[in-house]
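Before any comments, here is the structure.
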Amino acid sequence: MVALYTSSATLGAATTAFSATNEVSGTGYTSGGGALTNVTPTSSGTTAFTDFADLTFSSSTITANGALIYNSTNSNKAVCVLAFGGDKSSTNGDFTIQFPTPDASNAIIRIA
């Protein structure tokens with residue numbers, strides 16, 4: 001899952017699980033966020049990596065500053081914190097999270 005957060009959220013290395021505190025709210029977004037579709041993990045050399053299909057919140061009116069990827073089947077434990085580098089908004093349109101190219105240098109989750 002991926003949940004979206006406002007600029008008031010304090011997400012970082014100490015974030016251990018999903019919380020609704022400072023989660024975005026608005027049209028086209030449901031608390032808890034959206035389900036991610038995993039791309040099959042693979043490796044290149046000594047780096048293992050995985051990726052997710054881009055996720056779109058359709059016809060949404062929201063403003064998000066970051067996101068949390070978390071495992072909803074394992075006590076909502078945090079997997080990865082994403083910082084958007086500033087507020088990103090949609091107004092009655094699509095809010096899309098685009099994940100980088102799934103390779104050893106760019107994938108959103110890499111283990112070397």
Side-chain angles (χ1 to χ4, degrees):
M1 299 286 294
V2 64
L4 301 176
Y5 288 88
T6 69
S7 59
S8 298
T10 41
L11 301 173
T15 304
T16 59
F18 165 77
S19 169
T21 302
N22 295 311
E23 185 180 13
V24 303
S25 63
T27 305
Y29 183 84
T30 304
S31 181
L36 292 172
T37 302
N38 190 20
V39 175
T40 304
T42 191
S43 64
S44 176
T46 59
T47 303
F49 54 92
T50 193
D51 188 40
F52 302 98
D54 293 349
L55 178 64
T56 299
F57 297 94
S58 299
S59 302
S60 64
T61 300
I62 52 178
T63 298
N65 191 275
L68 176 70
I69 296 175
Y70 68 98
N71 187 339
S72 63
T73 63
N74 188 7
S75 304
N76 292 334
K77 290 183 180 175
V79 174
C80 178
V81 171
L82 306 174
F84 295 161
D87 285 346
K88 306 298 180 192
S89 300
S90 64
T91 303
N92 197 28
D94 291 346
F95 187 102
T96 301
I97 299 173
Q98 293 179 321
F99 290 97
T101 303
D103 61 34
S105 299
N106 300 299
I108 195 71
I109 297 176
R110 297 173 303 222
I111 301 171

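Throughout, residue positions are numbered sequentially from 1 according to the sequence presented.
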Atom pairs and distances, donor-acceptor, side-chain atoms in residues 105-112, under 3.5 Å, two or more places apart:
unit_1: Asn106; atom_1: ND2; unit_2: Asp103; atom_2: OD1; d: 3.0
unit_1: Asn106; atom_1: ND2; unit_2: Asp103; atom_2: OD2; d: 3.2
unit_1: Arg110; atom_1: NH1; unit_2: Ser105; atom_2: O; d: 2.4

Please tabulate, for the side chains in residues 46-54, all donor-acceptor contacts under 3.5 angstrom to protein atoms that are two or more places apart in sequence or on a different chain.
unit_1: Thr50; atom_1: OG1; unit_2: Asn38; atom_2: OD1; d: 2.8
unit_1: Thr50; atom_1: OG1; unit_2: Val39; atom_2: O; d: 3.0
unit_1: Asp54; atom_1: OD1; unit_2: Phe99; atom_2: N; d: 2.9

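- Although no hydrogens or angles enter the test, the distance criterion places a donor-acceptor pair under 3.5 Å between the side chain of Ser60 and the main chain of Gly93.
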Residues 8-19 side chain polar contacts: donor-acceptor under 3.5 Å, at least two apart:
unit_1: Thr15; atom_1: OG1; unit_2: Gly12; atom_2: N; d: 2.9
unit_1: Thr15; atom_1: OG1; unit_2: Gly12; atom_2: O; d: 3.2
unit_1: Ser19; atom_1: OG; unit_2: Thr21; atom_2: N; d: 3.1
unit_1: Ser19; atom_1: OG; unit_2: Thr21; atom_2: OG1; d: 3.2

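- Evaluation of the side-chain hydrogen bond (donor to acceptor under 3.5 Å, both in side chains) test over residues 24-34, restricted to residues two or more places apart or in two chains, returns Glu23-Tyr29, Glu23-Ser31.
- Pairs passing the side-chain hydrogen bond (donor to acceptor under 3.5 Å, both in side chains) check and including a residue from residues 73-84, sequence neighbours excluded, read Asn71-Thr73.
- Remark: Tyr5 pairs with no residue by the ring pair (Phe, Tyr, Trp, His ring centres under 6.0 Å) rule, at least two apart or across chains.
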Distance-only check: which donor-acceptor pairs under 3.5 Å involve side-chain atoms of residues 61-70, not counting sequence neighbours?
unit_1: Thr61; atom_1: OG1; unit_2: Asn92; atom_2: N; d: 2.8
unit_1: Thr63; atom_1: OG1; unit_2: Ser89; atom_2: OG; d: 2.8
unit_1: Asn65; atom_1: ND2; unit_2: Asp87; atom_2: OD1; d: 2.9
unit_1: Tyr70; atom_1: OH; unit_2: Gly32; atom_2: O; d: 2.6

With side-chain contact (heavy atoms from CB on, under 4.5 Å) as the criterion, how do Leu36 and Ile97 come out once you've worked through the C-alpha distance, each side chain's angles and the decisive distance to 0.1 Å? CA-CA 10 Å; Leu36 292 172; Ile97 299 173; over 6 Å; no
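- Cluster annotation: Val79 is not connected to Met1 through the hydrophobic network of ILVMFWY side chains, with a link wherever side-chain heavy atoms come within less than 4.5 Å.
- Phe84 and Val24 end up in the same hydrophobic cluster when Ile, Leu, Val, Met, Phe, Trp and Tyr side chains are linked at under 4.5 Å.
- With sequence neighbours left out, Thr56 forms a side-chain hydrogen bond (donor to acceptor under 3.5 Å, both in side chains) with Thr96.
- Looking at residues two or more places apart in sequence or on another chain, you find no ring pair (Phe, Tyr, Trp, His ring centres under 6.0 Å) involving Phe95.
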